[in-house]
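No hydrogens, no waters, no symmetry mates; every other heavy atom, side chains included, goes into these values. In this chain, numbering begins with 1 at the start of the sequence shown.
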Amino acid sequence: MIILVIGVSGSGKSTIGKQLADSLHWEFSDADSFHSQENIEKMRNGIPLTDADRMPWLQDLQAAIKQWLQENKNVVLACSALKASYRQMLVLDKERIKIVYLKGSFQEIEQRLRSRRHHYMSAELLQSQFDILEEPTDAIKVDISDTPEHIVQHIRVSLEI
């Protein structure tokens with residue numbers, strides 16, 4: 001099974017994804033590591049990515065997901081996947097890929113981003129993420145205001161794993 005932990009930057013995808021993977025003894029992967037250096041530099045300089053910028057990244061993620069499915073790997077993937085069209089590219093098997101959406105208010109996430117250090121995604125880009133966000137209708141929705149431990153437990157109960 002592959003669990004996509006999605007949401008805007010600062011919603012806790014990496015933190016929750018790592019803790020969920022650890023609790024399940026699964027592999028963890030962060031979609032940020034699939035970004036090109038050019039995309040990282042754009043974001044570091046406060047320039048929102050376009051769909052054209054994201055396409056090679058999405059194709060690389062899709063290839064990784066195909067390989068994980070072929071190898072029957074259990075993986076938690078932290079990935080923004082803000083648009084429905086992005087998720088359609090990544091959810092290659094609805095039975096074996098589940099989506100967990102980390103939902104929070106703009107103010108809460110902005111505060112998190114402003115306190116975060118050593119990350120290329122700035123609080124100034126948050127509005128551009130909320131602008132393109134298409135909330136999933138086919139996901140487990142989780143309020144990010146709870147503790148990471150409770151969020152992970154909620155996800156596990158919801159997925160029955």
Does the side chain of Trp68 reach to within under 4.5 Å of the side chain of Ser29, using non-hydrogen atoms?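 Yes, close enough: below the 4.5 Å cut-off.
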
A side-chain contact here means heavy atoms from C-beta on lying under 4.5 Å apart; do Ile155 and Ile16 qualify?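 Yes, at least one pair of side-chain atoms sits under 4.5 Å.
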
Applying side-chain contact (heavy atoms from CB on, under 4.5 Å) to Arg156 and not counting sequence neighbours gives Leu20, Ser23, Leu24, Val152

Could you pull out all residues at least two apart from [X] that satisfy salt bridge (charged side-chain N to carboxylate O under 4.0 Å, His left out)?
X: Asp93; answer: Arg96
X: Glu134; answer: none
X: Lys42; answer: Asp53
X: Glu149; answer: none

Mind checking the [atom1]-[atom2] spacing from [X] to [Y]? Nearest 0.5 Å is all I need.
X: Leu92; Y: Ile2; atom1: CG; atom2: CD1; value: 7.5 Å
X: Leu113; Y: Gln129; atom1: CG; atom2: CD; value: 8.0 Å
X: Lys98; Y: Ile140; atom1: NZ; atom2: CD1; value: 8.5 Å

Is the closest basic N to carboxylate O distance between Asp51 and Lys83 below 4.0 Å? yes

Would you say the side-chain atoms of Gln37 and Glu41 include a donor-acceptor pair closer than 3.5 Å? yes

Could you tell me which residues satisfy side-chain hydrogen bond (donor to acceptor under 3.5 Å, both in side chains) with Gln67, sequence neighbours excluded, listed by chain and number? Glu71

